[in-house]
Amino acid sequence: VATLCLVVLWLTLPKHLPGASLPLRQRLAVIGHPGVARLILTSFIYMSGGFLIVAYLGPIVIDGVGLSPELLPVVLLIYGVGAICGNMLSGRITDRVGGRRMVLVSIITTIFGSLAVYLITAHLPADIAGYALMGMLFVWGVSSWAYAPAQTSRLVSAAPEVTHLSLSLQVSSIYLGIALGTFVGGRVLEYVGIPALGLASAAFAVCALVIVLLEKPQAEDALAAHA
């Protein structure tokens, strides 16, 4: 399907669309701006860990906690509502406390949420595990989807003169992270088991947290603190 779409676009798009045409080397040169590579790497690692769980919510819900397949859409809806709330709240909170603080809260909450997936699927009895998972996924949806707006704000602040390039690389890193997380999650599911998905997801999030903790707070956070 992707190849078919590529062929259709190649044949139907006008040949001389307005806009700058930049070589790949120049597009990638934005990584050399201070802080940009670190921010993009953080997003890549964070999204990899998140989709270790998101991509396999079906097995987690049905085989991990024993809910019926009919309840899977309900669980996904609960997670989706949390994601919408997190995305909507993130921008407002970021304006008040700064992007770095918002990202830290998001990552730390995600770590606890990922560990909760492990505990729920490995140790809770079946009669309460499903309900616990539903509640946790709402909170996890809020925290995980609060990450992107805050990190995008930080990326814009780090190199405002090349925002059009850095944001495109950010999106690419997100999709590459989704691909890696899905691949690793499949291997974890195949060779270790469902509870280990939570542990693996938490490990990725911890790596992202370390990167953020080792960086120097940006000026945007200092301004937000005095707002």
Side-chain angles (χ1 to χ4, degrees), residues 1-10 22-25 27-32 35-64 72 75-76 79-80 82-84 86-87 90 103 106-107 109-111 113-115 117-118 121 137 140-152 154-155 158 163-212:
V1 173
T3 303
L4 178 61
C5 292
L6 177 63
V7 171
V8 171
L9 289 173
W10 182 271
L22 299 177
L24 181 60
R25 177 177 297 181
R27 292 177 183 273
L28 294 177
V30 67
I31 296 176
V36 170
R38 182 189 66 250
L39 292 169
I40 291 175
L41 176 62
T42 305
S43 295
F44 170 71
I45 295 173
Y46 181 78
M47 295 304 297
S48 297
F51 272 80
L52 267 157
I53 292 176
V54 173
Y56 298 99
L57 279 177
I60 291 172
V61 169
I62 298 170
D63 301 320
L72 179 58
V75 176
L76 294 175
Y79 170 72
I84 293 173
N87 209 268
S90 178
V103 165
S106 176
I107 295 177
T109 308
T110 298
I111 292 172
S114 299
L115 293 175
V117 170
Y118 163 72
T121 54
L137 282 177
W140 196 71
V142 173
S143 67
S144 59
W145 284 85
Y147 170 87
Q151 187 73 340
T152 299
R154 303 182 70 217
L155 195 58
T163 296
H164 61 298
L165 295 176
S166 61
L167 291 184
S168 65
L169 288 178
Q170 163 92 338
V171 173
S172 297
S173 73
I174 288 173
Y175 286 118
L176 287 173
I178 291 172
L180 177 63
T182 303
F183 173 79
V184 173
R187 305 292 75 74
V188 170
L189 193 62
E190 181 179 1
Y191 294 109
V192 187
I194 290 174
L197 289 172
L199 295 177
S201 176
F204 274 88
V206 167
C207 292
L209 176 64
V210 170
I211 295 174
V212 178

All pairs passing salt bridge (Lys or Arg N to Asp or Glu O under 4.0 Å) where residues 181-210 contributes a residue, at least two apart: Arg187-Glu190
All pairs passing salt bridge (Lys or Arg N to Asp or Glu O under 4.0 Å) where residues 171-183 contributes a residue, at least two apart: none
Any residue meeting side-chain hydrogen bond (donor to acceptor under 3.5 Å, both in side chains) with Ser201, in chain and number order, not counting sequence neighbours: Ser114
Side-chain (Ser90) to main-chain (Asn87) donor-acceptor, under 3.5 angstrom: no
Which residues share a side-chain contact (heavy atoms from CB on, under 4.5 Å) with Val142, sequence neighbours left out: Cys85, Phe138
Non-neighbouring partners of Ala55 that pass side-chain contact (heavy atoms from CB on, under 4.5 Å), sequence neighbours left out: Thr182
side-chain contact (heavy atoms from CB on, under 4.5 Å) partners of Ala200, counting only residues at least two apart: Leu52, Val188
Salt bridge (Lys or Arg N to Asp or Glu O under 4.0 Å) contacts in which one or both residues fall within residues 40-61, not counting sequence neighbours: none
Residues that Trp145 engages under side-chain hydrogen bond (donor to acceptor under 3.5 Å, both in side chains), provided they are two or more places apart: Tyr79
Residue pairs fulfilling ring pair (Phe, Tyr, Trp, His ring centres under 6.0 Å) with at least one residue in residues 37-59, sequence neighbours excluded: Tyr46-Tyr147
Within residues 167-204 or reaching into it, pairs that qualify as ring pair (Phe, Tyr, Trp, His ring centres under 6.0 Å) - sequence neighbours excluded: none
For Val8, side-chain contact (heavy atoms from CB on, under 4.5 Å) partners two or more places apart: Leu4, Thr12
Pairs touching residues 170-182 that satisfy salt bridge (Lys or Arg N to Asp or Glu O under 4.0 Å), sequence neighbours left out: none
